[in-house]
J.: 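Structure provided below as structure tokens; questions to follow.
Every number for a ligand or one of its atoms is a count from 1 in the order of the listing.
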Amino acid sequence: MNADRLFDSLRQQVTGLVPGDMDIASIEFEASLIVVYVRNYEKFSGNQDIARKLATTLRRRVDIRPDPSTLEAEDAVEERIRGMVPEDADVTGIIFSPETGEVTIEAVNTVAVLGDAGSLLQNIRKETGWNVKVVRSPPIPSKTISDVRGYLRHYSDDRQKMLKKVAKNLVRNTIEGDDWVRVTALGGFRQVGRSAALLSTRNSKVIIDCGLDPGSDSTPYFSIPETLPISDIDAVVITHAHLDHCGTLPALFKYGYDGPVYCTPPTRDLMALLQIDNIKLAYGEAKKNLYDAKDVRNEIMHTIPVKYGETTDIAPDIRLTFQNAGHILGSAIAHFHIGDGLHNIAFSGDTKYEKTWLFNPAVNKFPRLETLVIESTYGGKKDYQPSRKDASEQLGEFIIEATKSGGKVLIPVFAVGRSQEVMLVIEELERTGAIPSLPVYLDGMIWEATAIHTAYPEYLNSTLRTEIFQKEHNPFLSPIFHRVETADMREQICHSAEPCIVLATGGMMAGGPVLEYFREWADEPKNWLIFVGYQSENSLGRTIQKGRSEITMPFNGKSITLHVNMNRETVDGFSGHSDRKQLMSFIEQMQPRPNRIIVVHGDDRKCTDLASSIFQKFKIQTVAPQNLETVRLR
Ligand SMILES: [Zn+2]
């Protein structure tokens with residue numbers, strides 16, 4: 001059946017299933033979603049039963065929306081809402097999404113917007129005709145999120161076209177024949193950096209991750225016959241926003257990709273933040289960049305956000321479900337259900353199998369699973385890390401030691417993940433009096449990344465989620481934190497005589513504001529440099545960490561040499577990656593146990609070491625492919 005005939009038959013089924021008094025204006029198809037536009041929406045708003053019934057019968061997600069012709073103008077609706085909502089609701093924003101007929105009221109006191117048993121919200125819906133939703137105002141406003149919303153609004157026509165094209169592709173005619181499933185290694189196999197894999201079946205091709213090697217700037221092998229032409233790829237799925245998993249993605253659109261990108265909502269925003277920063281960084285170092293801001297905007301326009309636990313069709317024979325990976329905000333394990341029960345494979349991306357200050361541990365229960373793809377960053381026999389608690393105590397002891405003699409503490413961090421954890425630890429140490437009260441300066445994109453964390457509370461662990469909405473308990477808003485906003489302020493901190501703590505990017509000292517503090521403080525023995533994150537083999541961070549007394553480093557486009565007398569220490573245990581023990585217990589406690597495990601994302605020895613240990617202990621078939629190799633799964 002061709003796409004148009006299939007759509008017509010679905011339209012007939014929908015019309016037959018909805019209540020007779022529903023005045024349907026049109027039925028459209030957006031990616032895997034059936035959208036029913038209704039003229040008398042107010043009658044059905046808030047009624048989830050109809051959409052749920054349609055979804056179970058048709059095995060597709062269904063959204064019922066007001067027909068755009070029935071929607072009152074935005075200004076008028078905004079005025080009306082402000083008039084209806086009581087003052088004490090403290091409304092901080094009213095956001096319109098005309099393409100879905102949704103208006104979101106952001107308020108500090110959401111209960112006041114809902115009214116008695118939701119009665120006020122119902123009234124607002126009836127009065128305006130819009131699908132009105134209420135969310136709690138994010139405690140820290142994020143520029144990235146408002147920019148992303150801006151792009152989506154600007155590109156809304158293109159986006160509608162894109163979603164319709166995806167919908168057609170999902171129901172295209174397929175080829176008959178034997179079923180097969182393969183995974184091809186495009187990058188990040190037996191290495192850390194430039195992660196990418198191709199999942200292919202008789203009918204479909206999906207790319208999982210699209211990384212950039214931060215050390216060498218090398219990109220995945222996208223020019224092999226299996227991936228070409230790149231325009232034939234059905235979908236790109238991104239597990240999380242670190243650049244070694246998404247740093248090449250905007251360039252893919254330059255190479256001719258024009259299809260959808262699936263990731264969680266926080267991944268979309270963090271990805272944009274890190275990619276734009278990467279462009280700026282390259283510009284500062286006069287390096288040629290793979291892409292510019294226009295390509296990042298194009299990527300955002302093509303992104304279809306999918307929440308944890310939601311299942312969506314991404315190719316004629318592939319369904320995707322994301323689950324929490326515990327690694328950074330929005331990080332996901334991508335589970336693919338192929339064919340009608342033909343094969344199930346989960347790409348776990350980077351995982352943390354321990355409850356951290358920020359997240360719940362990675363999910364390892366799936367309805368069905370035959371193949372697991374797992375990282376091995378810390379998969380070596382001796383890769384054991386201290387617990388989060390021990391790491392926090394160690395950091396506290398170092399800070400006391402450093403500031404006793406009036407020294408300053410510099411902590412290089414990645415903007416996303418590590419810096420928020422270290423902030424939480426220091427806040428607790430100071431609040432409980434375990435360390436003296438000291439100002440903590442945040443330099444680089446840390447504040448903006450923190451703002452994005454507070455905008456997605458449902459992705460944080462439950463303890464933190466509760467805290468961030470109580471103004472006086474929100475640890476990120478503690479008065480000990482100061483945002484470094486200007487070069488002057490940085491200069492002042494550098495030359496001040498007072499002890500303090502500075503968290504600055506970048507995490508491996510390859511660039512960013514951390515180098516400015518380091519340059520100023522390096523020759524003073526009472527100052528401390530404390531590493532809390534992974535330093536890759538050839539990074540400047542690793543060289544400094546090893547204790548070299550003379551360092552040559554890039555600075556403002558020149559190369560400078562510094563004498564380093566500063567004390568250097570490392571606190572292990574803040575990693576966002578599972579260590580050896582956690583990787584093994586992740587597998588041990590899996591439900592169901594997979595038949596095969598593909599080991600990736602680790603140095604050569606770590607990949608093979610973890611693979612052989614898994615085989616010995618669990619008798620599960622393992623494989624650690626090289627880049628460019630293909631594994632047949634069916
Ligand atoms: Zn990562």
J.: Does R542 have any side chain to side chain donor-acceptor pair (under 3.5 Å) partners at least two apart in sequence or in another chain, and if so, which?
T.: E537
J.: For the atom pair CZ (R194) and OG1 (T219), what is the distance rounded to the nearest 0.5 Å?
T.: 7.0 Å
J.: Verify whether the ring centers belonging to Y459 and Y308 lie closer than 6.0 Å.
T.: yes
J.: Test your reading of the model: is there a side-chain donor-acceptor pair from N324 to the backbone of P361, 3.5 Å cut-off?
T.: yes
J.: Any chance NZ of K143 has more than 12 other-residue heavy atoms, nucleotides or ligands included, within less than 6.0 Å?
T.: no
J.: How many protein N, O or S atoms sit closer than 2.8 Å to the Zn ion (ligand 1)?
T.: 4
J.: Name the orientation class of the two ring planes belonging to H327 and H577 (parallel below 30°, tilted from 30 to 60°, perpendicular beyond 60°).
T.: tilted
